[in-house]
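To start, the structure itself, in structure tokens.
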Amino acid sequence: MALSQSGATRDHWSSRSAFILAAVGSAVGLGNLWRFPAEAGANGGGAFVLFYIACVLLIGLPILLSETLIGRHGQSAAPESVRRVASASRASPRWDILAGMGVLAAFLILSFYCVVGGWVLYYIGVFIGDIFTSGIAGGAFEGQSAEAVEALLPDLFANGPMMVGMNFVFLAVTLYFVARGVSGGIEIVANYMMPAFFILLVAITIYGAFGGAFTQTLDYLFTFEPEKLTGPVMLAALGQAFFSLSLGVAGMITYGGYVGRNVNLAGTSAIIASADTLVALLAGLCLFPIVFAAGLAVGAGPGLMFQTLPHAFQEMPFGSVVGLLFFVMVGFAALTSSVALLEVPTAWMIDRFRIVRPLSAIIVAAGAMTLGALAALSFNVLSDWHPLGFIPVFEGQGFFDVLDGLTAKFFMPIGAILTAIFVGWVADRKLIDMENGLGGALHLFWLFLVRFLCPIALVGILVVGIFPGLFD
Ligand code: PHE
């Protein structure tokens, strides 16, 4: 515990490395493992991937530093931290809208994120079952064709009650750790699970690389075909960069609020962004060879990891064990992110309504469970429900996809635009200079990115992404 500016005791990360692990844990998650390969597959591979990397470096990283800086200065829940920076800069406290929107977005993401977390739990169960029925040496259906395997597997998406039940279990585990607090809960998850995650990821990537189809994967992920870089593909890549780095939803402002004065924010931001990007690329290198080798379709979108991949494992030698380890690894990554997502609105409730932490977390989780159940059932009994179908980009999408698209393609970029303008133009220069930990030319470069490149590029990408026909 350390003293905050207001003088009240406030929980903090116990060390710099605890903060890094927790922030990397927040960043690395289903976004890297499930969403990145699915989006890359759906948006044509190479062009998407390279534009994504550019977004991480030129937009994501400067915004990441901006968010942690606001949080560390404010030492509070996100909206209050923004107000403190604003007041120290003699600016309007209403800039807190950028964090307020973020809190709402984090809540919306939490609701569908835990649905996907539930799918992960389901497959952990499936592979444990496979090991019991067919031993560890084989895949449950080794040697059989993809179609045959598909016909044998029960379809998760057809089973509404199962999805809702698993969603509940995953959210309950998340809730348990958030209720225990920052240093006593969130930090513990990251401390154990992130190292285990990295070991498993490297092991499975090596296994995938031996399975062949590696060059095919490299071609697919890194061949740049400029004509494929359309407005919607750019917006998808940008949204993915934000989603993956946990930006634009006040997540890093919230985590920054538990960082001590002695931590260099520029250095830690660089570590967080590099680790996150490395994991996304490794996930691609780990997943696609398995999918290619099994002769399955890469353009499968969200189903890639939860329909295509499990089938691929079940056809491979040692597939049941590798499949189990794979989904355990995904579960670790997902949990260290879902705790971050739950922490953002929870911290806000504690701060705003003076409700104790466990109760705040329970209230947020109950709301997320309600929305999550609707999202899960949108693959199922609610599949004909198209809540924002009248907006062109959401045409034909169910509630789950609407939640995902709305947050990644609207809330996150808009939150980031406001953050860039706030830190670049509104906040007091001395305060920024003191907090950011950058010197010399790098400092000027960062300032240039935050002031000019980020807002302009973000507005541009939003426009071409939402109105692709505009410049034809
Ligand atoms: N970055 C996380 C992931 O990639 C998701 C997330 C978004 C977590 C926003 C916290 C805040 O899975």
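Atoms within each ligand, like the ligands themselves, are counted from 1 in listed order. For reference, positions follow the sequence shown, starting with 1.
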| task | Applying ring pair (Phe, Tyr, Trp, His ring centres under 6.0 Å), name anything that partners W95, two or more places apart in sequence or on another chain. | result | F422

| query | Using the ring of each side chain (for Trp, its six-membered ring), is Y52 parallel, tilted or perpendicular to F48, with breaks at 30° and 60°? | reply | parallel

| said: More than 12 heavy atoms of other residues, nucleotides or ligands under 6.0 Å from CZ of F224: yes or no? | reply: yes

| field | ring pair (Phe, Tyr, Trp, His ring centres under 6.0 Å): pairs with one or both residues in residues 257-277, sequence neighbours excluded | value | W13-Y258

| field | Any residue meeting ring pair (Phe, Tyr, Trp, His ring centres under 6.0 Å) with F112, in chain and number order, not counting sequence neighbours | value | F400

Tabulate distances under 3.5 Å between N/O atoms of ligand 1 and N/O atoms of the protein, writing both atom names on each line.
from     : atom 1 : to   : atom 2 : distance (Å)
ligand 1 : 1 (N)  : S26  : O      : 3.2
ligand 1 : 1 (N)  : A27  : O      : 2.9
ligand 1 : 1 (N)  : F243 : O      : 2.8
ligand 1 : 1 (N)  : S244 : O      : 3.0
ligand 1 : 1 (N)  : S246 : OG     : 3.0
ligand 1 : 4 (O)  : A27  : O      : 2.9
ligand 1 : 4 (O)  : G31  : N      : 3.2
ligand 1 : 4 (O)  : N32  : OD1    : 3.4
ligand 1 : 12 (O) : L30  : N      : 3.1
ligand 1 : 12 (O) : G31  : N      : 2.8
ligand 1 : 12 (O) : Y113 : OH     : 2.4

| task | Evaluate the criterion side chain to side chain contact (heavy atoms under 4.5 Å, CB included) for residue pair R451 and I421; output intermediate values, then yes/no. | result | CA-CA 6 Å; R451 290 189 136 188; I421 297 176; over 6 Å; no

